[in-house]
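Down below is the structure, laid out as C-alpha cells.
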Amino acid sequence: MGNHVLANYGEVVAMLLFGIGFTNLLLQKNMIKKIIGLNIMDTAVYLFLAEKGYIEGHLAPIIVNGDLSPDTYINPIPSGLVLTGIVVSVSVTALMLSLTIRLYRRYHTLDLDEITIRLKKEGR
Amino acid sequence: MNAILNFPCFSILLAMFAAIISSVLKGKGARILNTCVVSIVALMSLAALIFTVRTGECYVYVMGHFPAPLGNELRFGALEAGTALFFAVIMLLSLNGGRRKIKLEIAENKEHLYYVMVNLLLSSLLALVYTNDLFTAYVFVEINTISACGLIMITEHGRCIEAAMRYMIMSLLGSGLFLIGICILYDLTGHLLMSDIHASVEAIVAAGTYSVPLLVTIALMVVGLAIKSALFPFHSWLPDAYGYSTVSSAAMLSSLVSKGYIFLLIKLIYRVIGFPIFTESRVIDVLFIFGIVGMIMGSLSAIKENDIRRMISYSSVAQIGYIYMGFGLGTLAGMAASIFHILSHAATKSLLFVSAVGLTDVSGNHKDFERLTGAAYRNKAAGVAFTVGALSMVGIPAFSGFVSKLLFAQAALDQHGKMLPALIVLAVSSVLNVIYFMKTVIRIYTPVQTGYPSIKMRENKLFVMTLLCFIALNLLLGMCSEPITEWIVQGLHVFA
Amino acid sequence: MEEKMNFILLVPILFPVIAGVFLLWKREFQKRRSLLIFVGAVLLLTGAFAAVGILGGERRFTAFYLTEELPVFFKLDELGRLFASLVTVVWILAGFFSFAYMKKEKREKRYFGFYLITFGVLLGLDFAGNLITMYLFYEFMTLASLPLVLHSQTGEARMAGLKYLFYSFCGAYLALFGVYFLVRMGNTIEFTPGGVFESSFLLEHQTLFLVITMLLVLGFGVKAGMFPLHAWLTAAHPVAPGPASGVLSGIIVKGGVLALIRVLYYLIGPDFLIGTKVQKAWIVLTLITIFMGSMLAFREPVLKKRLAYSTVSQVSYILFGLAVCERTAFEGALLHVIAHAFIKVCLFLCAGAMIYQTGCKRVEELRGIGKRMPVTLWCYTIASLGLIGIPPTSGFVSKWYLGTGALDGKMPVFSWLGPLVLIVSALLTAGYLLPVTMRGFFPGEGFACRREKEARLMTAPLIIFAALTLFIGIFPETALTVIRAISGVCI
Amino acid sequence: MNAVYLLLVVLIPPLAGAVVAFAPWRRRAHWMCFLELAVILNSVLVWLLLFNRPADTLTLIHFTGELSIAFRLDGLGTVFAGLVSFLWPFATLYAFEYMTKEKHERVFFFFYTLTYGVTLAIALSDNILTMYCFYEMLTLATVPLVMHTLSREAILASRKYLYYSIGGAAFAFIGMIFVITYGDTTEFLLGGVLNMSKVGENRDILQFIYFLTFLGFGVKAAVCPFNSWLPKAGVAPTPVTALLHAVAVVKSGAFAILRVTYYSFGTDFLRGSFAQNAVMAIVMFTIVYGCSMAVKETHLKRRLAYSTISNLSYILFGAALMTPFGLVGALSHMVFHALMKITSFFCAGAIIHQTERIYVHQLDGLAKKMPKIFGIFTVSALALMGVPGLCGFISKFYLASAAIESGNVLSYFGIGCLLISALLTAIYMLSIVVRAYFPTGEFREETLEGISDPNWMMLLPLIVFVIFIVGFGLFCAPLISFFGDIAGV
C-alpha cells in the first residue's frame, strides 16, 4: 500500500488537491472562495491527467525533426484533454465570476446563504 | 440513405452555428431562426428515427479522419434518434408556450441572447445524446450547464441569479466528479471512446483486477450525473431555478436538461460500464434507495409548498426519483420503464409549467394558491391543460403517467428483493401526488369573485395550440404506448 | 275438502290486519260510536274466524315462499290452538274494555287500528308452522304493538317505547343468530314435536348447539322479560293505556314463551338440553328473575309498575317450568301461561279502571278504593289470590305442577331450590298485591266516600276474567287435557 | 346481440349529457325530456343486452402486450349493470325535481349522466385493467358532483373524496400488476386466473397483495380506516348522495372487490389464508363501526351515509367468505341494499327539499304532514333492519347462511356482527320513524304549516322502489337462483 502511494505520489497529490477543491466549492460561504475551490479542483484533474500521460524521458507530443515514432513522445491525448479542460474551466470560471459580480452589486455581500435569507425575507 | 447518416452531426452543428449567428441578430430574427432550427432538427431526427427503426441497427459516424481509437465518434440507433426527436419537439412546444412571457420578462436588448442559449442548449443536448466519446460528453455537459445557467438567469430576477449560482455550484461539483471519474477510467482502460472502454472494462472484470478503482469510478460518475440531474438530496437548487426563471426555461430545464444527463447516465451504464457489471455493483442499490426516498421526499415537499411553480418543481424531484428507482431495479424492464418515464415526464412537466403560467397570468402574476382560486375559469385552456397534466402525474389511465407507472410496477415484480418497497413507495407516492395535484385542480376550479380579468382563447392562439399539442402528446404516450415501448426495448438492445 | 279450506288459516290473520290498516288509513269517523261498532265487529268476526280455525281439524297451509328454502307456512297444532284461543279470548274482552277506557284518551282511531293489527299478527304467530314464519310474526308483533306503548306520546312514553323496541330487537337478533343456524343445519324448519335433529348430530356439534341454544333462550327471553334483559318491560307496560298494558303483559310476553317452546321443544328437542350447562344457566336466570321481580314489585309504589314487575317475576315461573325439561313442570308452565294471562290482564284492567275512574296511580292513593269501586276491587282480589297461588284459583294448580315437576326433575340443587324460590316469591306476591285489597276494603278510621258508578263495559270483562281464573282453578282438567296432549308429544 | 352495443351503452350517456350541457336549450322542460328519454333508452338497451347476452368480447384499445381495454358481459356484470340501469332513470327523474332549487343544473346533469356511462363501463369490463381505468374515471366524473354547491365544506369534502379514492386506487394498482404478472390472463374468470406454477413460493406475498388490493378498492366501499370521505361527501345534492354514494360509486368499490376476489385472485387461492382472516376482521369491524357512528350522528344524511358504510361491509363480508354462497349473499345484498338505501336517501332528500330540515331532531311530527314520504321511509327502515318479509331480511339470511356454510369460525362472529349491526340499525332508523310519527308533548303542530308531500316526480321513483323492496322481500326465488347460477353454487 505504502509503496503504491510513494510510486504514484503525483496522483496522490492530485487527489488530495481535488478533495480540497471539492470541499471548498461545497462548503465555503464566500462565493469567491468557492470559485477558487472550483479552480483548485479542476487543476487537480489536469495534474492527474498530465501525470498519467507523462512517460519518463519522452518528449512533449510536438513533432520535431519529423520523428514519427511513438516511442519518442509522451501520450498526446491527456495533453489534449488538459487543454480542452482548461478552456472549459476558464469559461465556467468566467460565468461564475460574472454571476458573483451581479449578486454583489445587488446585495452587497458575497455570502450566498445571506443572500438566500434576504430573498426569502423579501418574499418574492 | 447515406445522407441520413449525416443528420445527427448536421443537427448538432446546425444548432451550434445558429447560436453563433443569433448573437448578432435582433430578438425577432433570433426567434425565427431558432424556431426554424429546432424544427429542422426535429425533422432530421425524425428521419433518422424512421431510418434506424426500419433497419434496426446502430450506426457509427466518424468525426474527421481519425478512425476508432483516436478519433471522435457519434453513434446513433433508434433510441438516440427518438430521444433527439422528442427533445426537439418538447423544446419547440415549451418555447412556443412561453413565448409571450419571454417577451414580457426579458429585456428587449437581451432577447437574442436567450435564443443563443437555447440553441446552445439544443446542440449540447443533441451532442449528449449522440456522442460516443466520454470526453466530448464532458465538454458538452459543461456547455449544457452554462447554457442552462444562462436560461435561468436571463430574467435578472434576484432569486434567479441566486438560483443560477446555486445551480452552477451543484453542477460544477457534479461535473468535477464526473470528470475525475472519466480520468480514472481513462487511466484504467486507456480509451475514451465508449465502446472501447466497454471492451476493456469487460477484460478487467474478467481478469478480476482493479475491482476497487472500477467501483470508485462508477460511483464517481454516477454520483456526478445524479447531482446534475437533481436526484433527491442534491436538489436544493432546483425549486428556485424552476420556480422563478421564465417559464420556457423552467419547462426546458425540467424536461430536457436533467433528462439529458440521465440519458448520458443510461449511456454510461449500458455502453461504457456494461449493464451486467453495473447491476452487480452496489451503486445500483444506492440509486434505488435514493430513488425511492426522492419519490417520497419530493412529494412531501411539494405538499408543503404554497407556490404553484415551486410545487411543480418539487414534483420534478419526485419524478426523477421514479427514474432512478427504475435504474435501481437493475433489469431491462426497469430501464425501459425509466426511459419511458423520461419521455412521459418531459411531456407532462413542461405541460404543467406552461399551463401553470397561463393560470398565474390571470391571477395577477401571483403564484400562491389563494390567488389562483378559480383561475381555470379565467383561462379555460390553461385550466384544462393543467388538469390533464395533473391527472397524468397522478397516474390516471389514458394519460402517459399511468403507462409509466404500469411499466415501473411490472418491472418491479421481476426483482424480488426490491419488489415490495418499490411497489409500496410507488403507491404511496401516487397518493401524495393526488394530494397536491388534485388540491390544486380543485382550487383552480373553485369559482370566486376576483378582479382579475379572464383571457379568451381567441386572444392567445399560440398558447392554446401549444397546450393542445402537449395534451395530444400526452394522450399519445398514454394510449399508444405499445409501439413506443417496443421502440425503447429495441433501441436498448442495439444501444450497447 | 280439507285441502281446499286450508287457506282459512290466513283469514283470521289477515282480516284484522287489513281492517286495522284500513282504519289507520281512513279519515276520522264522524261519530265515536261508528268507530266502536266497526272495531267491535272486526274483533268478533276475527274471533269467529279464529274459532273456526281452532276448532277445525289439522290444517297446513303454505302461503308463499320467501326464497326456495324459506316457505311461509302455517300449521295448526295443539300448542298453536292453545295459544290462539287464549289470544282470541283475551283480545276480544280487553278490546271491549278499551271501548270504555279509551273514552278519555285522544287518537282512538290509531289505537284501535294497531290493536287490530296486533291481534292479527299474534294469531299469525300462533298459527306459524315453521321457524321463519314464526320469526316473521315475532318481529311484526314488536312493531305492531309499539304504537300501543307510545300511545300517550309523552316524553316518558317515547323513552319507554324506544326502550321496548330496542330491547325487543336486541332479543330478536340474538335469537336470529340461532335461527340462522337452525335453518342451515337442520333438515327442515317445520315445527315437529320432540325436535328435528338426530341426537348424534347434536352431539357432534355440541358446543355450537349449546351456544345457539343459550342465545335463543336469551333472545326470546327478552320478550318474556327474563333477567338480564328485562328492564324494558317495567318501563313499557305501565305507560301504555290500561287495556294495552293488560294485553302486553298478559299476551305479548307470552309470544316469547311460545317462541321458546317452539324452538326448544319443536326444533332442538328437550333431550339435548337436559343436564347441560345451558340448562343450569337458564334455570339460574329464571330463578333470579322470579325472585328479583317480586322483590322489585314489593318496593314499587306505582300500581301499574308493580304489576309489571310482577309480570317479570311470573313469566319466569313459566320459563322455569320450561327450563326444567320435565313433563309435569312443562304442563305446569303451560297451565301458568293460561292462568297468568287471565290473571294479569284482569289485574291490569282493574288498575286501568281505577285510574280511569279516580286518576290514582300510586298504591297509597288507593285507600278505600273498595268502597268506591267494589266490583273492580273484588275482581282484583280474586286475580291477586290467583297470582299468589291460593286454591281454588288457577294459579294454585299451575304452581303446584311447577313445583312438583321441579322436585321430580333429576337436578341436584335446583330440584329443591326451585320450589323454594317459587314459594318465597309467592309470599312476596302476596305482600305486594294484597295491601291494595286490604287498604281498599279497610281504609281505616275516618275515611268517607261514596260508591262510584262503574261502567258496565269495564266491569264485564273483569268479571269474566276473574271467573275464568276461578274456573280453571276449580276444573283444571278442562285445560289440562289439551296441555297433556301437547306435553305427550313433546317430551 | 352484437358486442358493439356494449360500447354504445357506455357512450350514450356521456354524449347525451354533453348535448344537455353544451347545446343551446330554450326551456328547461326540453332538455329534461331529452335527457330522461336518453337515459331510459340507454337503460332499455342495457336490459335488452342483459337478456340477449353477447358472447364475444369487444376490444377497444391495446395498451401494451396483453393489456387492453375491452368489454364483455358476464354474470356478475349483468347484476351490476342491471341494477344501475334500473335505478338511473328513476334517480334522474327525482333529480329533476330536486335540482330545481340548485344552480348550474345542466353541468350537474352532464356529470350525472356521464357517471352512468362510466359505471356501466365498470360493470361491463372484461379485464382488470379496463375496470381499473374506469374505476379511476368514476372518481373523476363524480368529483364535480360532490363539489356541486361549491361551498367550502363541499370543496373540502370533494378533496377528501379524491385523495381517498385515487389513493386507494394506487394500492389497488399494485394488485392489478400482480394479477397481470402472475395470471394466465387479465380477463375475469370465475375461480381466478392466477397461474399457480408462476406463483410458486410467492403465495404469502400474493396474499398480502390481495389484502392491499382489498383495502385499495375498499376505499370506495368505505372500509373502516378509509371511510371518512363518505359521510363528508354527503354535502352533495341528495340525488348524488342517494345514487352515487349509496349505489353506483360505493357499489363499484364492492363490485371491484368481488371481481378481484372471485374472478382474479380466486377463492381457492385465498381461502383460509391470513389475508382472508384479516379482510374479514376489518369488514366485521366496519359493520359495527358504521352502525355505531350512525347512531351517534344527528345529521340525517350523514346518518344514512354511516349506515351505508356498515351495509357495504355486509357485501364485503360476503366477498370475504370466499365461497359461492358468499357471492350469492354479497350479490343479493348489493342489489337489495341499493334499493333500500336509495329509497331512504330519496326520502331524506324529499324531506330536505320540502322542509329544509336536515337534523334528526327537527323531524318531530313530520309524518303527519308528509305521510307518503314517511310511510315509504318506514318501509325502507324496516327493510334495512332486516325485518322478514322485506328484502333486507333475504340478503342477510343468505349472508348468514353462507357464513355458516363456510364453516369458518371467524365468520360465525361475523354473523354476530351482522346482528349487532341490525340492532343498531333498528336504533338509528326507528328512532327517526318514532320521532316523526309520535312527537312528544312539547311539539306544536303549527310549526309545520305549509309542508306537504312532494310532487309525482319525487314520489314515483320512491313508490316503485318500495314495491320492489316488498316484492323482493316476499318473492325472490328466481333472483336468488339467478345469483346462484352466477356464483356456480
Side-chain angles (χ1 to χ4, degrees), chain B residues 303 333 336-337 340 373-374 387 390-391 393-399 402-414 416 419-420 422-443 445-448 478-486 488-489, chain D residues 60-69 103-104 129-137 139-140 143-144 146-147 150-152 154-182 198 201-202 205 208-209 212-213 215-216 219:
Chain B
I303 289 175
F340 189 89
T373 313
T387 311
L391 294 181
M393 279 290 158
V394 170
I396 301 291
F399 299 107
F402 175 71
V403 179
S404 43
K405 212 165 84 170
L406 195 71
L407 293 174
F408 274 124
Q410 276 182 307
L413 282 199
D414 301 340
H416 272 290
M419 173 170 71
L420 274 185
L423 285 177
I424 288 177
V425 169
L426 207 56
V428 170
S429 132
S430 307
V431 175
L432 298 177
N433 279 351
V434 173
I435 291 178
Y436 59 87
F437 273 118
M438 286 298 139
K439 185 177 72 185
T440 318
V441 169
I442 289 181
R443 171 70 81 170
Y445 273 105
T446 309
V448 286
M479 304 270 223
C480 314
S481 51
E482 192 167 14
I484 298 171
T485 41
E486 269 171 18
I488 289 174
V489 172
Chain D
L60 286 185
I61 307 173
H62 263 290
F63 263 115
T64 48
E66 73 276 35
L67 302 181
S68 62
I69 299 280
K103 279 181 273 180
H104 320 296
L129 183 73
T130 316
M131 188 181 77
Y132 178 81
C133 290
F134 285 101
Y135 184 82
E136 293 266 36
M137 221 76 90
T139 312
L140 298 177
V143 166
V146 176
M147 59 188 273
L150 294 171
S151 62
R152 194 179 153 65
I155 301 276
L156 289 178
S158 55
R159 250 195 225 175
K160 191 159 199 174
Y161 172 49
L162 253 183
Y163 297 167
Y164 273 66
S165 282
I166 299 188
F171 282 92
F173 177 83
I174 299 181
M176 181 180 87
I177 296 296
F178 269 81
V179 171
I180 291 171
T181 312
Y182 286 99
K198 274 195 215 166
E201 294 160 9
N202 297 337
I205 296 181
F208 175 68
I209 294 297
L212 278 188
T213 317
L215 288 184
V219 169

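Residue numbers begin at 1 in each chain, while the letters A, B, ... track the order of the sequences.
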Original post:
Where on Ile484(B) is there a heavy atom nearer than 4.5 Å to chain D: the side chain, the backbone, both, or neither?
Top reply: neither
**OP:** Heavy-atom distances under 4.5 Å only: say whether Leu391(B) touches chain D with side chain, backbone, both or neither.
**Re:** side chain
**OP:** Rounded to the nearest 0.5 Å, what's the gap from CD1 on Ile180(D) to CG on Leu406(B)? Could you check?
**Re:** 5.5 Å
Original post:
Rounded to the nearest 0.5 Å, how far does CD1 of Ile174(D) lie from CE of Met419(B)?
Top reply: 10.0 Å
Subject >> Non-hydrogen atoms of Ile177(D) and Ala409(B) that approach each other most closely >> reply: CG1-CB, 3.4 Å
Original post:
In terms of heavy-atom pairs under 4.5 Å, which option from Met137(D), Met176(D), Glu136(D) contacts chain B the most?
Top reply: Glu136(D)
Original post:
What are the two closest heavy atoms between Pro447(B) and Leu150(D), and how far apart are they?
Top reply: CG-CD1, 3.2 Å
Original post:
Taking it one step at a time, do Ile166(D) and Asn433(B) satisfy side-chain contact (heavy atoms from CB on, under 4.5 Å)?
Top reply: CA-CA 10 Å; Ile166(D) 299 188; Asn433(B) 279 351; over 6 Å; no
Subject >> Lys160(D) side, atom NZ; Ile442(B) side, atom CD1 - distance, nearest 0.5 Å >> reply: 13.0 Å
Subject >> side chain to side chain contact (heavy atoms under 4.5 Å, CB included) partners for Met479(B), two or more places apart >> reply: Ala398(B), Ile61(D)
Original post:
Are the side chains of Val143(D) and Val441(B) in touch, meaning some heavy atoms are under 4.5 Å apart?
Top reply: no
Subject >> Tyr132(D): ring pair (Phe, Tyr, Trp, His ring centres under 6.0 Å) partners, not counting sequence neighbours >> reply: Phe402(B), Phe173(D)
Original post:
Ile209(D) versus chain B, heavy atoms under 4.5 Å apart: side chain, backbone, both or neither?
Top reply: side chain
Original post:
Checking heavy atoms, do the side chain of Phe178(D), its backbone, both or neither come under 4.5 Å from chain B?
Top reply: both
Original post:
Just how far is it from atom CG of Leu162(D) to atom NZ of Lys439(B), taken to the nearest 0.5 Å?
Top reply: 13.0 Å
Original post:
In Å, rounded to the nearest 0.5 Å, how long is the span from CE of Met438(B) to OG1 of Thr139(D)?
Top reply: 10.0 Å
